[in-house]
Amino acid sequence: MVVSTPGDSPLFAGASVLCEDGDMTVKLLLLRSNSEHMLFYASEKYPEEDEYRKYITEHGGYWNAYTRRETTIFFFDVNVDNFEEALDRFAQFFIKPLMSQDAVLRETKAVDSEYKNNLLSDGSRIYQLHKHLSSKDHPYHKFSTGSLETLETKPKAKGLDIRLELLKFYENYSANLMHLVVYGKESLDCIQGLVERMFSDIKNTDQRSFKFPSHPFSEEHLQILVKTVPIEEGDHLRISWPITPSIQFYKEGPCHYLSHLIEHEGEGSIFHIIKELGWAMYLEAGETTDSDSNEYSFFSIGIGLTDAGHEHMEDIVGLIFNYLHLLKEDGVHEWIFNELVTIKEMEFHYQDKVDPISYVINTVSTMRLFPPEEWLVGAALPSKYAPQRINMILDQLSPETVRIFWRSKKFEGSMSSAEPWYNTPYSVENVTPAVIQQWIKKAPTGKLHLPKPNIFIPKDLSLKEVHEKVTFPTVLRKSPLSQLWYKPDMLFSTPKVHIIIDFHCPLSSHSPEAVIATELFVDLLVDYLNAYAYDAQIAGLFYEIYVTSAGFQISLGGYNDKMRVLLNAILVQIVNFEVKPNRFSALTEASVKDYQNFNFRQPYSQASYYVSLILKDKNWPAAEKLEALSLLESDFFAKFVPHLLSKTFLECYVQGNIEPSEAKSVVQEIENIIFNAPNSLFKSMSPSEYLTKRVIMLENELKCYYQTEGLNQKNENSSVIQYIQVHQDDAILNIKLQLFALIASQPAFNQLRTVEQLGYMTSLYVRNDYGVLALQVVIQSTVKDPSYLDVRVDEFFKMFESKIYELSDKDFKRNVKSLIDSKLEKCNNLWDQSYFYWGEIMAGTLKFDRATSEVAALRELKKEEFIEFFDQYIKVGAPQRRTLSVQVFGGNHSAEFKKAINEADPPKTYRITDDISGFKRSRPLYSSLKGGPGRITMD
C-alpha cells in the first residue's frame, strides 16, 4: 500500500490517495458536512436524471451516502476500467448539481418514506428520545431524519420554496471543509492528477466549520430516570453520562481502558455477577460511536434485562456505581493498559484486509479529526500511559451527571409524555446523588474485582511453511465419525486459522420441539462459555456456535497460537453439558421474547420469512416453534440433549496458518473428546440417517401467491416479494441470471422507487436457496397495497422487454465485462475465502473454481442466448416462468386485504392458503446436491 497525503492541496481541507497494485476495483469517497439526498440526481455536465447511479451499477459498482451528526459521507466503487468516467460524474455533483423541482418533490417523499419505515423501530425511537431530552438551543436536540412535514408542509406554510432553500443551503458546500479519499490501482501521480483536474472547480468559499463548544444537556437533563415503552418485547437499561470526547486524548485511550473493564464478562465483573443472579442477558459499555464531534460525547452502559432484572433495576445501577468506586479506589493499573496496547498493536499490524469501500469510509472519517500523519491509524494505537486522563473520564461518570433510560412494556399505560416525532411514550423522574447512594448501599455484595492477565494473548505469530501448493480445499482425513477438509493459507500470509465443525444431528429438526430444544442447547453452550472465553475474544480469537437446518456448527477464527486451547474448552463444555435451572429459565424467557418479536419485524422481513417457509422442505413455522417453546420444561430438555447427540457426524474445515499434520491432529483430538470420552453421549450415524436440504419446485407458467396481514397492524407499511424460480446450480444458467440482475437492478430501482415512488425500500437481486437460484424483487410501501405493488413489478418486466430486445452489442459486451470484472475480484481476507469454500461444501456443489468456470462461460456467451434465456424464464408469460408472490398487508391496507382475499383467482394463478404445509406436500422437490456423511459429490 502506497499513500500520498498532499497536505498543501488547494482543493480540499485534506486529500488522501491510496494505490494498491492488482486490485480490480476503484473506491472513492467524499466527506462533506450538510445533506446528501439531492446530489445524486443530475449535474449540468451530466443532465440525464439518474445517469450517475445507472453508470455505477452497470459497471459493477455500488453507490450510497449517509449523514451523521456533523458530516455527510458520499461514496462509490466501480470496475477499474470505468474509474475515470465515474469519478468525473461524481465530481460534478459538487461543482454544478441540478436540482429540478420534480426531483426535489420525489426525494422529499423518499425521505418521508424512510422516516415512516422507522416509525416503529425501537432504535430510532430511543435515539430521538435521547435527543429530545436535551437543550432546545443545541443542535443535538434537532430531529435527525426529516419528513414531509419538515420538508414540505411547514416550509410551504412559511411561504418557502424548498428547492430554493436547498440551492441556498448548497452554497455552504465549500472545498475547505471537504475531505477526499481515492483508492485504486493506478499510480499515485496518475490518481492525484485526475483528482486535481476533476475537482479543481469546486468552490472554496472559505466556510467556517460549525462549532458548538458545549454539552447538549442543561441541569434539568441530568440526574434523571427516563421510563419509556418499547415496541418490541424485552427490557433494556441504559446509563449514560456526558464526557469530554476522548478523541482529544486519542494517544492515551482513556475510554478504551474504562470500557474494557466495565464491559468485561469474566469472573468478578459487573456482568458476571448480574448474569449469575439471573438479572441480565448482556452488557455493553463505551463511548458512543455515532458521535463525530470534538465538542461533546457520551459514555454509556447498556444492559439487556430479564424479567427478574426488571425488579432489580436499582440494585443493578447501585452495583455499577460500586464498580466505578472500585476502579477509583484500586487506581489505574499500568499492566492492564500495556496488555491492551499489546492487543491493539497486534490487531493493527495483523488486521485483515477489508473491502476497499469500507477502508476509504474508515479513512475519510478520521481525516477531519486527526492530523495527516495519523489518517491511516486514527485512534487505533493508544500508546501513552496517562492515568490522569483515565481518572478524569472516570470522575465524569458520576451520580451528578447521570442519565438513566429504562424501557419496558411493563410501563404501558403509566407514561405522562410522548416524544413528538415518533410518539414514544415516556416519563421523567429525578434521581439525585442521595438516591443513587441508597441504591449503592442495597446493591448485591458479590465479589467485584479486576480481571486477571489474559492467557489468550498469542506468543507465536510465525508463519508456517507451506510445502505443497494446494489450490483448493482437499479431503485430508476421513473416518466413520468425521471428514476433514483442509486448505493452507497461500495468499494472505497471516498467523491466523479458521476452523469450522459441522455437527450433523438428524434428530435436531424432526419436530418444532426438537428445533427449539436444539436452539436452546446452543444458547446455553454459549452462555456457559462466556466467562472463560471472553478473554479469548479480547485477544483476537472469535468463536460462534449456531443452529443449522441439520444440527449446529462451531466456527473459530483468529491467531492460531492459542486456538486449540479455546477449541478444547468448547468441546469439553459440550461433552460435560448439564442443565443449570437458573440459566435455563433466563434463556428460555429470552428466546420466547425473540420469537414474540417476530411480530414486530418490518413487513419485508416477514415476507422474506414466508418465502423461506413456503420454499424450504422441513421448515417449521415460527408460531409452532413459539408454542413448543412456551411448553418446554427443563426435565424434557435434559432428556432431549442426550437424544440429540446420540446420532452425529462431524464435517470439519480447517484453513489458514496450519500444517496438514496439525490439522489432522486437531480433528483426531475432536473425535477423541467427542466420541471417545468416558460416558460420551455422542454416537456415530449411518449414511441413511443423513438429512438433506431441499427446495420445492414451482410450476411452469403459474404464479403462486400468498396473501396475509402484517403481524403488527400498527405498522403502516406493506410489502411484496416477487420470487421467480429459475434453476438449480448450473454455470451457464447462473451467469445468464446474474447478468440479467446486473442489467435490470438499477432500472427497477429507478422505475419503481424513483419514478413511481412506490416505496423507499426497493431492490432486485439474485436469491440462492441450497443451490436453487431465483430472481427476487422486494418493495416495502406505505402508499400502495401489495397486490398493486405486485402488478407494478409485472408491468416493469413487461416494460423492460424492449430494453432487453434493443440491447446493443456494445452495451451487452459492456455488461458482460462488468460481471467478469466483479467475478475476478480476489477475496479480501482469509475469512472471505474460507466462507466461500465452506459454502460450496455445505451446499454440496463443490465448485471451488466457480469464478473461473463462470468467467469462461461469460466470455463465450452470445447476446442471442441471453435474450433466449429472458424469453424462456423471466419474461411475463414465459413458458418456464415459475413465480411466487408473497404479499404482506400493513395497517394502511387492511381494507385492500379484505378485498384481495375475496377476489376470484385470475387465470394461471394459484392461491396458497394458510395451509402452507399442504401446499408444500403437493409440490415436487429439487434433488439434493449434498452427499451423505463422508461422501463427496463432485458433479
Side-chain angles (χ1 to χ4, degrees), residues 1-7 9 12-20 23-33 36 61-78 83 87 90 177-185 188 191 195 245-251 253 255-256 259 286-294 297 340-341 343-383 492 494 496 540 542 558 825-832:
M1 175 78 70
V2 185
V3 183
S4 170
T5 57
S9 168
F12 301 103
S16 181
V17 178
L18 299 91
C19 169
E20 180 153 356
D23 193 82
M24 293 298 299
T25 310
V26 173
K27 316 287 175 177
L28 180 143
L29 181 148
L30 181 64
L31 172 68
R32 179 67 188 99
S33 299
E36 82 198 49
Y62 173 75
W63 54 268
N64 214 328
Y66 64 88
T67 298
R68 299 168 71 181
R69 289 183 192 165
E70 298 184 9
T71 56
T72 297
I73 295 181
F74 302 87
F75 53 92
F76 75 84
D77 63 19
V78 72
F83 168 52
L87 184 62
F90 184 85
L177 296 181
M178 296 183 180
H179 295 80
L180 177 72
V181 176
V182 182
Y183 182 121
K185 64 178 293 185
L188 292 174
I191 297 176
V195 169
S246 66
I247 192 70
Q248 298 179 14
F249 322 108
Y250 63 93
K251 287 294 185 184
C255 283
H256 179 57
S259 63
E287 189 172 16
T288 303
T289 56
D290 70 335
S291 175
D292 53 359
S293 174
N294 270 311
S297 189
L340 294 174
V341 167
I343 293 170
K344 280 291 187 181
E345 287 177 348
M346 280 193 308
E347 187 179 294
F348 183 80
H349 292 298
Y350 295 102
Q351 62 184 296
D352 298 311
K353 181 182 176 182
V354 297
D355 59 282
I357 205 166
S358 298
Y359 189 82
V360 293
I361 289 172
N362 293 336
T363 303
V364 86
S365 299
T366 67
M367 290 172 69
R368 64 182 285 270
L369 300 172
F370 299 93
E373 64 272 16
E374 303 285 1
W375 282 350
L376 299 185
V377 179
L381 291 175
S383 56
F492 305 107
T494 183
K496 298 178 182 180
F542 72 81
E825 284 196 31
K826 295 178 181 178
C827 293
N828 288 312
N829 52 56
L830 178 71
W831 324 116
D832 287 351

Please name all residues satisfying side-chain hydrogen bond (donor to acceptor under 3.5 Å, both in side chains) with [X], sequence neighbours left out, ordered by chain then number.
| X | answer |
| --- | --- |
| Y350 | none |
| W831 | D352 |
| E374 | K251 |
| S383 | none |

Exercise for the section: Please assess V360 against F75 for the test side-chain contact (heavy atoms from CB on, under 4.5 Å), listing each intermediate value before the final yes or no. Expected result: CA-CA 9 Å; V360 293; F75 53 92; 5.6 Å; no
Inter-residue atom distance [X].[atom1] - [Y].[atom2], 0.5 Å rounding:
| X | Y | atom1 | atom2 | result |
| --- | --- | --- | --- | --- |
| Y183 | I191 | OH | CD1 | 10.5 Å |
| M367 | T71 | CE | OG1 | 13.0 Å |
| Y250 | L381 | OH | CG | 11.0 Å |
| R368 | E70 | CZ | CD | 5.0 Å |
| K353 | D832 | NZ | CG | 10.5 Å |
| L340 | E347 | CG | CD | 10.5 Å |

For [X] against [Y], the heavy-atom pair lying closest together:
| X | Y | result |
| --- | --- | --- |
| P382 | A379 | CD-O, 3.8 Å |
| S365 | I73 | OG-CD1, 3.6 Å |
| G286 | S259 | CA-CB, 3.7 Å |
| C255 | S246 | SG-CB, 3.8 Å |

Exercise for the section: May I have the step-by-step check of side-chain contact (heavy atoms from CB on, under 4.5 Å) for W63 and F90, ending in yes or no? Expected result: CA-CA 10 Å; W63 54 268; F90 184 85; over 6 Å; no
Any donor and acceptor pair, going by atom type alone, linking the side chain of [X] with main-chain N or O of [Y] inside 3.5 Å?
| X | Y | result |
| --- | --- | --- |
| Q248 | N294 | yes |
| T67 | T72 | no |
| E287 | S297 | no |

Practice task
Report the residues that fulfil side chain to side chain contact (heavy atoms under 4.5 Å, CB included) with Q351, sequence neighbours left out, ordered by chain and then residue number.
Solution key: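 For Q351, the residues satisfying side chain to side chain contact (heavy atoms under 4.5 Å, CB included) (neighbours in sequence not counted) are F348.
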Problem - Trace of the side-chain contact (heavy atoms from CB on, under 4.5 Å) decision for N828 with V354 - result: CA-CA 6 Å; N828 288 312; V354 297; 5.9 Å; no
Practice task
Indicate whether the side chain of Y66 and that of N64 have a donor and an acceptor atom separated by less than 3.5 Å.
Solution key: no
Practice task
Would you sort out whether L376 and T363 count as a side-chain contact (heavy atoms from CB on, under 4.5 Å), showing the intermediate values?
Solution key: CA-CA 6 Å; L376 299 185; T363 303; 3.8 Å; yes
Exercise for the section: Could I get the full list of ring-ring contact (aromatic ring centres under 6.0 Å, His included) partners for F492, not counting sequence neighbours? Expected result: none
Exercise for the section: For residues P356 and D77, determine if any side-chain heavy atom of one lies less than 4.5 Å from a side-chain heavy atom of the other. Expected result: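 A side-chain contact under 4.5 Å is absent here.
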